[in-house]
Structure formats: structure tokens, C-alpha cells
Amino acid sequence: MIKKIAKTILATTVAAYATLNIWVGRIFAAPTTGGVAGGALEAKGTDQPTDLFGASGIFTQVTNTLLFGVGIISVIMLIYGGFRYIISGGDSKRVTDAKNTIMYAIIGLIIAILSYAIINFIITSLASSSTGAQLNV
């Protein structure tokens with residue numbers, strides 16, 4: 001019985017909070033901005049890129065950041081594999097595991113470099129083929 005009352009109070013509190021949140025949000029919304037585009041303009045920062053493609057585009061920055069992270073992880077794994085190879089002590093299984101770590105780290109680094117080249121080629125192709133590919137906010 002007490003659990004049912006607690007559930008009812010919790011549900012009522014959550015509903016009242018959500019309603020109040022929506023109501024207060026509408027009251028304090030800027031009346032000069034209209035619709036979704038106005039809200040997007042209000043939420044946009046000052047130094048954010050507006051182009052989707054190109055040298056300073058959003059896609060370019062995101063892919064460069066992600067590929068940089070993959071490259072860093074590959075280099076760390078390469079160092080880790082070399083460290084494992086050094087401390088293997090001649091044990092054939094540990095040497096094989098260390099060599100596999102080094103090999104897969106190099107493969108990961110090559111894939112990161114190739115994907116960087118492919119993605120930049122695609123982004124520059126899209127940027128040059130479509131002149132109106134901008135975020136209009």
C-alpha cells in the first residue's frame with residue numbers, strides 16, 4: 001500500500017516538474033526569435049563553424065579529431081607491443097603475442113592513415129560539387 005502511494009506521489013511530482021519546465025521554458029523564450037530556426041540561432045555559439053564541408057567544415061573537424069584519436073591509440077598499442085616484446089623473456093607464446101600486438105597496431109595505423117585520405121577526398125569532392133552545402137542557421 002505504501003509503495004503504491006509512493007509511486008503515485010513520484011509520478012505526480014515528475015509530471016508536475018515536466019509541465020512546469022515546459023511552461024517556464026515558454027515564458028522565458030526570446031519572443032523575437034521565431035520557430036525552430038530562431039531557436040537554433042539562439043543556441044549556436046560564436047566560434048562554431050557553419051559549413052558542413054570544406055577545410056573548416058563540421059565533418060572535416062569531426063573526422064580529423066576521430067582519426068587523430070585512432071592514430072594515437074595505434075601508436076600507444078605499438079609502444080605497448082614493443083614493451084611486451086622486450087619483457088617476453090624468450091617465451092615463444094609471449095613473443096608471438098607481442099608480435100601480433102605490433103602487427104595489429106601497424107595495421108590500425110595504416111587503416112587510420114588510409115581512412116583519413118579517403119574521407120578527406122570524399123569531403124573535398126562533396127564541397128566542390130555542391131555549392132549550397134551549408135548549414136543555414
Side-chain angles (χ1 to χ4, degrees):
M1 180 72 172
I2 293 178
K3 285 185 181 182
K4 189 174 183 181
I5 293 171
K7 276 179 133 178
T8 305
I9 291 173
L10 180 65
T12 306
T13 306
V14 168
Y17 176 75
T19 305
L20 182 65
N21 199 4
I22 291 171
W23 183 67
V24 169
R26 287 187 181 177
I27 288 175
F28 291 113
T32 58
T33 59
V36 175
L41 282 174
E42 293 295 325
K44 187 177 127 186
T46 56
D47 293 334
Q48 293 178 346
T50 57
D51 295 339
L52 288 177
F53 304 108
S56 65
I58 295 169
F59 288 142
T60 304
Q61 290 181 0
V62 168
T63 55
N64 286 348
T65 303
L66 290 175
L67 290 173
F68 179 75
V70 169
I72 292 293
I73 291 171
S74 294
V75 169
I76 289 171
M77 289 306 294
L78 186 65
I79 293 170
Y80 175 69
F83 183 72
R84 283 180 63 185
Y85 187 76
I86 290 172
I87 64 169
S88 65
D91 184 15
S92 63
K93 178 165 177 16
R94 292 174 68 184
V95 168
T96 304
D97 290 342
K99 284 182 179 179
N100 285 340
T101 302
I102 293 171
M103 180 181 65
Y104 293 137
I106 291 172
I107 290 172
L109 197 57
I110 290 170
I111 289 173
I113 291 169
L114 288 176
S115 62
Y116 175 79
I118 291 169
I119 288 174
N120 278 335
F121 173 74
I122 290 171
I123 287 175
T124 55
S125 297
L126 287 175
S128 64
S129 68
S130 62
T131 57
Q134 293 184 352
L135 184 64
N136 295 324
V137 288

For this session: Find the distance between OH (Tyr85) and CG (Asp97) and round it off to the nearest 0.5 Å.
Result: 13.0 Å
For this session: Please list, chain by chain and in numerical order, all residues satisfying side-chain hydrogen bond (donor to acceptor under 3.5 Å, both in side chains) with Ser74, sequence neighbours excluded.
Result: none
For this session: Could you please spell out the steps behind the side-chain contact (heavy atoms from CB on, under 4.5 Å) verdict for Leu66 and Val70?
Result: CA-CA 6 Å; Leu66 290 175; Val70 169; 5.7 Å; no
Enumerate, atom names and distances included, each donor-acceptor pair closer than 3.5 Å involving a side-chain atom of residues 102-117, sequence neighbours excluded.
| residue | atom | partner | partner atom | Å |
| --- | --- | --- | --- | --- |
| Ser115 | OG | Ile111 | O | 3.0 |
| Ser115 | OG | Ala112 | O | 2.9 |
| Tyr116 | OH | Asn120 | ND2 | 3.2 |

For this session: Mind checking side-chain contact (heavy atoms from CB on, under 4.5 Å) for Ile118 and listing every partner two or more places apart, or none if nothing turns up?
Result: Ile122
Exercise. Looking only at heavy atoms, what is the nearest atom pair of Ala98 and Gly81, with distance?
Worked result: CB-O, 3.7 Å
